Engineer: 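What follows is a structure written as structure tokens; I'll ask about it next.
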There are 4 protein chains.
Amino acid sequence: MPENSRRRRPEARPEEILDAALSVFSEQGFAAARVEDIARAAGLSKGAIYLYFPSKEAMLNGLVERSAGHLAKTAEAMVASGAPRDAETGLRNLLRMLFTSMADPAISAAPRLVFAEAGRFPVIADFYRRQVLEIARGAMRALLEAGVGANVFRPVDADAFMRAVAGPAFAHMALTTTFTLPPDTLTDPADMADALADILLHGLKPRAPAS
Amino acid sequence: MPENSRRRRPEARPEEILDAALSVFSEQGFAAARVEDIARAAGLSKGAIYLYFPSKEAMLNGLVERSAGHLAKTAEAMVASGAPRDAETGLRNLLRMLFTSMADPAISAAPRLVFAEAGRFPVIADFYRRQVLEIARGAMRALLEAGVGANVFRPVDADAFMRAVAGPAFAHMALTTTFTLPPDTLTDPADMADALADILLHGLKPRAPAS
Amino acid sequence: MPENSRRRRPEARPEEILDAALSVFSEQGFAAARVEDIARAAGLSKGAIYLYFPSKEAMLNGLVERSAGHLAKTAEAMVASGAPRDAETGLRNLLRMLFTSMADPAISAAPRLVFAEAGRFPVIADFYRRQVLEIARGAMRALLEAGVGANVFRPVDADAFMRAVAGPAFAHMALTTTFTLPPDTLTDPADMADALADILLHGLKPRAPAS
Amino acid sequence: MPENSRRRRPEARPEEILDAALSVFSEQGFAAARVEDIARAAGLSKGAIYLYFPSKEAMLNGLVERSAGHLAKTAEAMVASGAPRDAETGLRNLLRMLFTSMADPAISAAPRLVFAEAGRFPVIADFYRRQVLEIARGAMRALLEAGVGANVFRPVDADAFMRAVAGPAFAHMALTTTFTLPPDTLTDPADMADALADILLHGLKPRAPAS
DNA sequence: CATGAATGAGTGTTCATTCAT
DNA sequence: AATGAATGAACACTCATTCAT
């Protein structure tokens, strides 16, 4: 067991600290989080944290940058992959990915944190807007245009489209992770995503019987 | 402005303090907010706050309860109103109300605060869930059932329906108040609501030409 | 006994705190001094200090400015006093004042503190140089010129004169307050000043027998 | 510069560390000085310092002892050399040595440090008093007695004599190293020493014309 | 009712010192 | 001998809360 204190020297320290910080920030909020708790969660002493990050705020920034990287990459991958071929399947897959991600506390923790703290840290808001929102916006716009071009989607407003697709996943996250809602009939994110896709694709109004 | 003589009606103090607290909590977050700032915003001394609220947390609770009252009343009003008559118009009005409310910082401040702090204050989460979410859920379920009964809506999943309606407004709020997005083409919440209604009602897929 | 805690509200608080700070800084040095010790010495809690001074360094600055004020006044009084009439008596009085002041820990504390910390706080060094040294320099130069004009003093170098007059008092302070020297034969500062005056006025070399 | 290969003669380490410590202590003061800065200045890692000195305070002690050795030797040398022959020249040389030493930051650093920190470290005060002050006192007393015996000096008070000789050099140091005085007419320490010698030897009062 | 001086517990950050390598 | 990661005790400063007036 090389688990003695003062022993290991993995180059992964900063990552471990960010993991711990994300966990503590998510639970307590940035202002209420204590550096000592982060340290304990990372298996370090309080002082050791400052060997890797110059301040508590630096951990928050590091966190956001790391998470933005992940999300941006996933979003771009979604764009490039199947969407152009089959916009309808692309939309279904995107919704599944969104609902699954948002329902997973490990993935949604960073976005929730950003949403909660961006008001106080303009740098974070700007960074996230450029690195995540812009990319997601581009991806969804591309999906919509592909569908419209193939006559699979009607030419709806792009901004409304984005809110119609991402908003429900965001709301799902709020309901499941912030308010611990009693497990609904449809707790499974994939099922919820499919139900959403049905509404978005076919609309609420009954189709005229294909006469 | 009856604001000068007679030292202002003192019986309105708690309301004024809650107004100030909402403002400061929204800007700084609960943990980072200073009671002295709330006092200054309310035109009182720090000590005077404690004549009306026993603690900082009590202000947060008071805030949430007050806002929940407002929201619950609005929600119930919506149910009772035109929905049964004309579900489609009911949906359009609901969306307009949601987008307009969420885009107005004065109205969305409380829900945003709840979303941000509910994780740390289970009492608040529970209270909000019961007093706001349950009522909103009931209202939207009633709207859906009315529409289905009148054969104006397809019988879609109720939980997906809720997320499809409320989620986009929630996302709209996040985009406009947290990240100061550059004003889109559709900054007007009512227009955005109408575009959303179009998508939700008619779906993304083109309708078959009416026979 | 109006000595309960949380009671008195003398406007003299800042002065009391500066007294306490001077005492603690003198004993421990600025860096090693603890704000809590200053607070205790001032009969206050740690937090109360910050109602009057924004930082530990602000207390040091306040201290220096206050002491500089005292010293400047004393120096100017000396200039204006008897010097012009009788330069020799003026010199004797100046030396007595200097030795007496420097030997009194309550008076020499501030200059010693400035000397010890000026290297780290350029603002203090500059301030002291302008507010104390320049004035003292002017006073001593005036004394010398008065004596020379009256043919009571030889026209010696002014800077050497200043060092010859002030230096011994400074050394006396160092010996008595920093190193607790065993009480010499001449512990009395006035006697020491007179012996110094004798040396400075008549020189070390024997005078030629009066013709 | 044999400074590259063979990792430098390791037996000189303690001396190098003391050099670095003197430099850092002088700039920052003992309490504010960081061991890491000393280590960097000595070209070592923080931990290595503790192979040679058990604590930060031990470096201060080592420093003082080393410097006291230097000063004591110089002082004794001055006594033994020319003073007995020609007390007047002896005084002039002593003053030149004192002013030159005190004006040189490299030499005055240790005495200044002792003066600044002696209050907090009685051991240092005692040590310095015995090893430096006593010896200097003896040397100056011997110089005075030699002069008096040869009828070159008047029989003035020995303690006043010491303060009259050493004090001005001490003041000169304070003025030039602590407060960065604008270069006076007499920046050269030797000139300043000569001007001082003139005052001390011949006094401020004009000599009666040798009838 | 209202004030604001005062308290004291709490937290971010620093740094002398240790120790596994 | 040397390193530098790690520790833990401090300490400056903040702020919710109290209380004499």
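Model, not experiment: these values are computed from the prediction.
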Engineer: Does the side chain of Arg129(B) reach to within under 4.5 Å of the side chain of Asp126(B), using non-hydrogen atoms?
Structural biologist: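 Touching, per the 4.5 Å side-chain cut-off.
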
Engineer: What is the minimum heavy-atom distance between Ile38(A) and Ala20(A), and which atoms define it?
Structural biologist: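 Result for this residue pair: O-CB, 3.5 Å.
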
Engineer: Expressed as a whole number of angstroms, how long is the span from Ile49(D):CD1 to dG4(F):C1'?
Structural biologist: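 Interatomic distance, CD1 of Ile49(D) to C1' of dG4(F): 13 Å.
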
Engineer: For DNA chain E, determine which residues of residues 54-64 of chain D have any heavy atom closer than 4.0 angstrom to one of its atoms, and list them numerically.
Structural biologist: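 Heavy-atom contacts with DNA chain E come from Ser55(D), Lys56(D).
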
Engineer: How close or far is atom P of dC13(F) from atom CG of Leu44(C), stated in whole angstroms?
Structural biologist: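 It works out to 16 Å between those atoms.
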
Engineer: With the side chain counted from C-beta on, respond yes when Phe25(C) and Lys56(C) share a heavy-atom pair under 4.5 Å apart, and no when they do not.
Structural biologist: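 With C-beta onward as the side chain, the pair touches.
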
Engineer: Please state whether the phosphate of dA5(E), meaning OP1 or OP2, lies under 4.0 angstrom from any side-chain nitrogen or oxygen of Tyr52(C).
Structural biologist: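 Indeed not, no polar side-chain atom of Tyr52(C) lies that close.
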
Engineer: Is there a side-chain polar atom (N or O) of Tyr50(D) under 4.0 Å from OP1 or OP2 of dT3(F)?
Structural biologist: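 For dT3(F), OP1/OP2 do not have a side-chain N/O of Tyr50(D) under 4.0 Å.
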
Engineer: Salt bridge check, Arg66(B) against Glu15(B): does any charged N sit closer than 4.0 Å to a carboxylate O?
Structural biologist: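 Judged by the 4.0 Å cut-off on N to carboxylate O distance, Glu15(B) and Arg66(B) do form a salt bridge.
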
Engineer: Would you indicate, yes or no, if dC1(E) has its OP1 or OP2 atom less than 4.0 angstrom from a side-chain nitrogen or oxygen of Arg13(B)?
Structural biologist: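 Arg13(B) to dC1(E) OP1/OP2: no side-chain N or O under 4.0 Å.
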
Engineer: What dot-bracket string describes DNA chain E from 5' to 3', counting Watson-Crick and G-U wobble pairs whose defining distances are under 3.5 Å, with [ ] for crossing pairs and | for pairs to another strand?
Structural biologist: .||||||||||||||||||||

Engineer: Mind checking what makes ring pair (Phe, Tyr, Trp, His ring centres under 6.0 Å) contact with Tyr50(A), not counting sequence neighbours?
Structural biologist: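 Counting only residues at least two positions away or on another chain, Tyr50(A) forms no ring pair (Phe, Tyr, Trp, His ring centres under 6.0 Å).
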
Engineer: Can you name the ring pair (Phe, Tyr, Trp, His ring centres under 6.0 Å) partners of Tyr128(A), sequence neighbours left out?
Structural biologist: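 Not a single residue meets the ring pair (Phe, Tyr, Trp, His ring centres under 6.0 Å) criterion with Tyr128(A).
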
Engineer: Base, sugar-phosphate, or nothing: which does Ala33(C) touch, judged by heavy atoms less than 4.0 Å apart?
Structural biologist: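 Sugar-phosphate, no base atom in range.
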
Engineer: Is the side chain of Ser26(A) donor-acceptor paired with the backbone N or O of Leu22(A) at a distance under 3.5 Å, no angle test?
Structural biologist: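 It does hold such a pair.
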
Engineer: If the condition is ring pair (Phe, Tyr, Trp, His ring centres under 6.0 Å), which residues does Phe121(A) pass it with, not counting sequence neighbours?
Structural biologist: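 In terms of ring pair (Phe, Tyr, Trp, His ring centres under 6.0 Å), with neighbours along the sequence ignored, Phe121(A) is linked to Phe30(A).
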
Engineer: Looking only at the side chain of Val35(B) (C-beta and beyond, no hydrogens), which of the listed nucleotides dT7(E), dA2(E), dT17(F) gets closest?
Structural biologist: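 Comparing dT7(E), dA2(E), dT17(F) against the side chain of Val35(B), the answer is dT17(F).
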
Engineer: Rounded to whole Å, how long is the line connecting atom CZ of Arg40(D) with atom C1' of dC15(E)?
Structural biologist: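 Atom-to-atom, Arg40(D) to dC15(E), this comes out as 13 Å.
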
Engineer: With sequence neighbours excluded, what pairs up with Glu36(D) under the salt bridge (charged side-chain N to carboxylate O under 4.0 Å, His left out) test?
Structural biologist: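 Lys46(D).
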
Engineer: To the nearest Å, how far apart are Ile17(D) CD1 and dA1(F) P?
Structural biologist: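 Ile17(D) atom CD1 is separated from dA1(F) atom P by 11 Å.
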
Engineer: CD of Glu36(A) versus P of dA9(F): gap in Å, rounded?
Structural biologist: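 Going from Glu36(A) (CD) to dA9(F) (P), I get 11 Å.
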
Engineer: Relative to the 5' end of DNA chain E, which residue comes earlier, Phe30(D) or Ala48(B), by the nucleotide with the nearest heavy atom?
Structural biologist: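 Its nearest nucleotide lies further toward 5', so the answer is Ala48(B).
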
Engineer: Report the distance from atom CZ of Phe53(C) to atom P of dT14(F), rounded to the nearest whole Å.
Structural biologist: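 That distance rounds to 15 Å.
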
Engineer: Between Leu51(C) and Ala31(D), who's closer to the 5' end of DNA chain E by nearest nucleotide?
Structural biologist: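 Per heavy-atom nearest nucleotide, the more 5' residue is Leu51(C).
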
Engineer: Taking the side chain as every heavy atom from C-beta outward, state whether Asn61(A) and Phe127(A) have any pair of such atoms under 4.5 Å apart.
Structural biologist: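 No; the side chains remain at least 4.5 Å from each other.
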
Engineer: Measure from CD1 on Ile38(B) to P on dA16(F) and round the result to the nearest Å.
Structural biologist: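 In whole Å, dA16(F) P lies 8 Å from Ile38(B) CD1.
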
Engineer: Assess whether one donor atom and one acceptor atom, taken from the side chain of Lys46(A) and the base of dT7(F), lie less than 3.5 Å apart.
Structural biologist: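 Counting by modelled atom types and ignoring angles, no donor-acceptor contact under 3.5 Å is found here.
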
